[in-house]
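To keep things clear, I will list the structure first and then write my remarks on it.
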Protein chains: 2
Amino acid sequence: MQKSTPPFYRQETPILIAVDCVIFGYHEGQLNILLVKRDFEPGLGQWSLMGGFLKSNEALDLAAQRILNQLTGLTNVYLEQLHAYGDLQRDTAARVLSVAYYALINVKNSNEQLTQTQHAEWFPINNIPELIFDHREMCDKAWKRLQRKSLSQPIGFELLPTRFTIPQLQQLYEAIHNETLDKRNFRKNILLSGLITKLEEKNKEGSKKGAFYYLFNTEKYAELTESGTSIQFK
Amino acid sequence: MQKSTPPFYRQETPILIAVDCVIFGYHEGQLNILLVKRDFEPGLGQWSLMGGFLKSNEALDLAAQRILNQLTGLTNVYLEQLHAYGDLQRDTAARVLSVAYYALINVKNSNEQLTQTQHAEWFPINNIPELIFDHREMCDKAWKRLQRKSLSQPIGFELLPTRFTIPQLQQLYEAIHNETLDKRNFRKNILLSGLITKLEEKNKEGSKKGAFYYLFNTEKYAELTESGTSIQFK
DNA sequence: GCAAAAGTGTTGATTGTACACCCATGT
DNA sequence: ACATGGGTGTACAATCAACACTTTTGC
């Protein structure tokens, strides 16, 4: 499959391409990012995003999936390209261009064993340790993107289990936007949109009374996007 | 300055990186894109975006500026990264990852001689010819981005001369969003924001009565962004 | 004097925001 | 019985959207 450089591109210089993943997870009211302690040079022992190099016979998006899978064991995860970072000195060891992605995962589904063997740890988005290279910049950009996208697209649900309660959903949005929301208005909006479906069962973890479980309504969302109706979460 | 690959990266394969520019210009009520007729292989004779290869000693953003400058003679232009395209087969001749940028230029300032010697031509955004590789996808994404960004940031002004009239500005926004706007509401909003300053002189090109010239107010914009006030154009 | 574009305010509808009390249950 | 979080509705404010006539001037 691998193509050799054709005559008309012979003068050009190939460059190393990395892919780095900002992995978001949500635990108990807190929005977190998964970081790894590097066990290789350069930057051995420092915290960094999970990353790897793009292979010559590998599509870029698939490389991001591979890298995410290596750390979490997950497939079929929300994954979106963020930005390409191409400053000359960004990697202290060599010229490496990095394409950053961000992922939203449901923590319960991830493989804890894997993350442990890779020396990975969750950090609250408000309390990220010093990171290697320009990884901090990537995290900041990813958070901003998540904030913006979560207003108009239902990506928040990616961070929750299939069944969730309205208070849980609200807490998630509060964590994403780092602000408190009015529970009456929040409930009103989300229910009015028709995008969540009530179940009979209650979740009793959060309170004595218990809160009803809901499901995200994929069909309704497809219907709304097709009809071009714009949606306002939060 | 050029670094050799250090021992810990030796197993990795470098890849060719291209930079492609979606160049927007606005002429007489029409939003256009600047395309070049390729005079080299692959795709000789086909329309494509202006592009080039990233050099090993060149920062990514500067490569985009260089490529834009090669075609237009312009520097200090609004230029923003769009997306990295990394499918395996996107370039028919070799494995090339491309980072797309989009630029907003004031057509009057560009160097017509240069664009002519490069076999470049302006095409209305609604009537783009068949393009090489995935360049059409880049154009579509760039237009959507321009539409979104122009609502919350004053990037439309980049496409106009320093002095412009309100009807001109409205026409530009109509072209960007491909819809007609109410002139009373448009004028009201933009004046209320305080972001444009009226001049004494009139532009008589568009009508017998003539329309007053305005300037974009950079200080006011800085003030608003600093105070965190969100702005609604259009 | 008329065609052509510039300029100007008001009203009703919709949307967003603020706010306080009762309910169900486990201890 | 009380502490805890879940659930509910209303009123005011702000924003958005629709709409028609007068002004200026070159021909």
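What you see is a predicted model; the values in this text were computed from it and never measured. So that the names make sense, note that chain A is the first sequence line, chain B the second, and so on, each numbered from 1.
- No hydrogens or angles were tested; on distance alone, nothing pairs the side chain of Lys208(B) with the base of dT23(D) as donor and acceptor under 3.5 Å.
- Between Glu205(A) atom CD and dG6(D) atom P the separation is 12 Å, expressed in whole Å.
- Between the NZ atom of Lys209(B) and the C1' atom of dA6(C) there is a distance of 4 Å, given to the nearest Å.
- Between Ser98(B) and Asp20(B), the side chains place a donor N or O and an acceptor N or O closer than 3.5 Å (distance only, hydrogens not considered).
- Atom-to-atom, CG of Leu191(A) to P of dG9(D) comes out at 11 Å; the value is rounded to the nearest Å.
- In this entry the distance linking NZ of Lys188(A) with P of dG16(C) reads 10 Å, nearest Å.
- Distances shown here put a side-chain N or O of Gln232(B) below 4.0 Å from the OP1 or OP2 atom of dC16(D).
- When heavy atoms are screened at a 4.0 angstrom cut-off, Lys183(B) is found touching base atoms of the nucleic acid.
- Between the C1' atom of dG16(C) and the CD1 atom of Ile231(A) lies a distance of 18 Å, rounded to the nearest Å.
- Remark: Asp140(B) engages Arg136(B) in a salt bridge, criterion side-chain N to carboxylate O under 4.0 Å.
- Look at NZ on Lys198(A): it is 14 Å from P on dG6(D), rounded to the nearest Å.
- As a whole-Å value, the separation of Phe212(A) CZ from dC23(C) C1' is 12 Å.
- Distance Arg187(A) CZ to dT17(C) P: 19 Å, rounded to the nearest Å.
- In this pair, Phe157(A) and Phe164(A) present their aromatic rings tilted. The plane angle is within the 30 to 60° band.
- At a cut-off of 3.5 angstrom, counting only N and O atoms as typed in the model, there is a donor on one side and an acceptor on the other between the side-chain of Arg184(A) and the base of dA20(C).
- Comparing Asn189(B) and Asp182(B) by the nucleotide of DNA chain D whose heavy atom lies nearest to each, the residue mapping closer to the 5' end is Asn189(B).
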